[in-house]
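The block underneath contains the structure these notes are about, expressed in C-alpha cells.
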Amino acid sequence: MLYSDKVMDHFMNPRNVGEIDDPSGVGTVGNVKCGDIMKVYLKIEDNSGVVEDAKFKTFGCGAAVATSSMATEMIKGKTIQEALEITNKTVMEALDGLPPIKVHCSCLAEEALHAALWDYATKRGIEITGLKPPVSDIGEHENVMAY
Ligand code: FES
C-alpha cells in the first residue's frame, strides 16, 4: 500500500475544509512542481495568541489534502509559537509517513500555515520570533529540497 491508513482517512474524510469568515490571517502558496495551490485561514485569539480555528482550501492532490487536513487539526488550540513547530516533517510523522515523491505536497501545507501566520502578524503589526517571510511558491524554499 502506497499510503498509510491515516493518509487515506484524511484524504477520504478531510477535516477543516472551507473558509473562515473574517479570518485573523490567510496564506496562499503554490507548488512549482505540480502547479497546485493551497489556501489556509486562521482564527487567532489576540490576547492569548491561541489558534482557535483553522481551515483550508486546496487545488491539490490527495497528499496535499491529507497533510492540510492533519496540519489544520494539529494547529488548533496551539499558541503561535507552538504552531511554528508544526512542520511538514511533524505532519508527515502524524500521518505515518508519505512516499518520497509526495513530500513536496506536505511542504505546501507547512508553507500555507506559515504564510497565514505572517499575514496575521503583518495585520497586527507584531513580530513572531522565528517566522520567515512567506514564499509565493514553495519552489523558492529550501524545504523543497526534502524530496
Ligand atoms: Fe501537487 Fe501534491 S502533487 S500538491
Side-chain angles (χ1 to χ4, degrees), residues 1-44 49-124 128-147:
M1 185 69 172
L2 193 56
Y3 293 110
S4 72
D5 289 345
K6 282 189 187 161
V7 172
M8 289 309 292
D9 176 34
H10 279 264
F11 169 56
M12 302 297 278
N13 310 292
R15 282 61 146 184
N16 311 313
V17 173
E19 298 177 24
I20 293 176
D21 290 337
D22 192 23
S24 311
V26 182
T28 307
V29 294
N31 185 329
V32 72
K33 292 283 171 187
C34 58
D36 290 344
I37 295 166
M38 176 73 61
K39 191 164 188 176
V40 164
Y41 303 77
L42 296 178
K43 190 86 181 167
I44 298 169
V50 169
V51 179
E52 292 184 323
D53 199 9
K55 293 207 184 299
F56 75 95
K57 287 169 96 175
T58 188
F59 184 82
C61 70
V65 171
T67 49
S68 307
S69 171
M70 180 58 92
T72 47
E73 281 291 271
M74 287 168 74
I75 202 172
K76 282 196 279 185
K78 297 259 195 324
T79 65
I80 291 170
Q81 283 302 323
E82 289 168 346
L84 285 181
E85 287 164 25
I86 299 171
T87 65
N88 76 305
K89 290 191 178 61
T90 59
V91 172
M92 281 195 297
E93 278 167 21
L95 286 168
D96 296 335
L98 277 176
I101 198 170
K102 286 292 181 184
V103 170
H104 67 102
C105 316
S106 64
C107 296
L108 202 58
E110 176 192 315
E111 292 297 335
L113 281 185
H114 287 181
L117 289 171
W118 183 270
D119 182 46
Y120 169 72
T122 304
K123 282 178 177 156
R124 293 291 187 280
I128 298 176
T129 309
L131 182 63
K132 297 194 185 76
V135 293
S136 59
D137 198 307
I138 66 164
E140 299 167 16
H141 196 282
E142 59 195 353
N143 255 352
V144 86
M145 298 301 288
Y147 71 105

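When a ligand or atom number is given, it counts from 1 through the structure's own listing order.
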Can you give each donor-acceptor pair under 3.5 Å made by side-chain atoms of residues 53-62, sequence neighbours left out, with the distance rounded to 0.1 Å?
residue: Lys57; atom: NZ; partner: Glu19; partner atom: OE2; Å: 2.5
residue: Thr58; atom: OG1; partner: Ile37; partner atom: O; Å: 2.9
residue: Thr58; atom: OG1; partner: Gly60; partner atom: N; Å: 3.3

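Surrounding NZ of Lys78 are more than 12 heavy atoms belonging to other residues, nucleotides or ligands, all under 6.0 Å away.
Of the charged side-chain nitrogens involved, at least one lies within less than 4.0 Å of a carboxylate oxygen, so that Arg15 and Asp9 count as a salt-bridged pair.
For the pair Lys43/Pro23, no side-chain contact is recorded, criterion being any heavy-atom separation below 4.5 Å from C-beta on.
Take atom 2 (Fe) of ligand 1 and draw a sphere of radius 2.8 Å; the protein N/O/S atoms inside it number 2.
Without hydrogens or angle criteria, Asp119 side chain to Gly27 main chain gives no donor-acceptor distance under 3.5 Å.
Interatomic distance, Asn88 CG to Glu93 CD, rounded to the nearest 0.5 Å: 9.5 Å.
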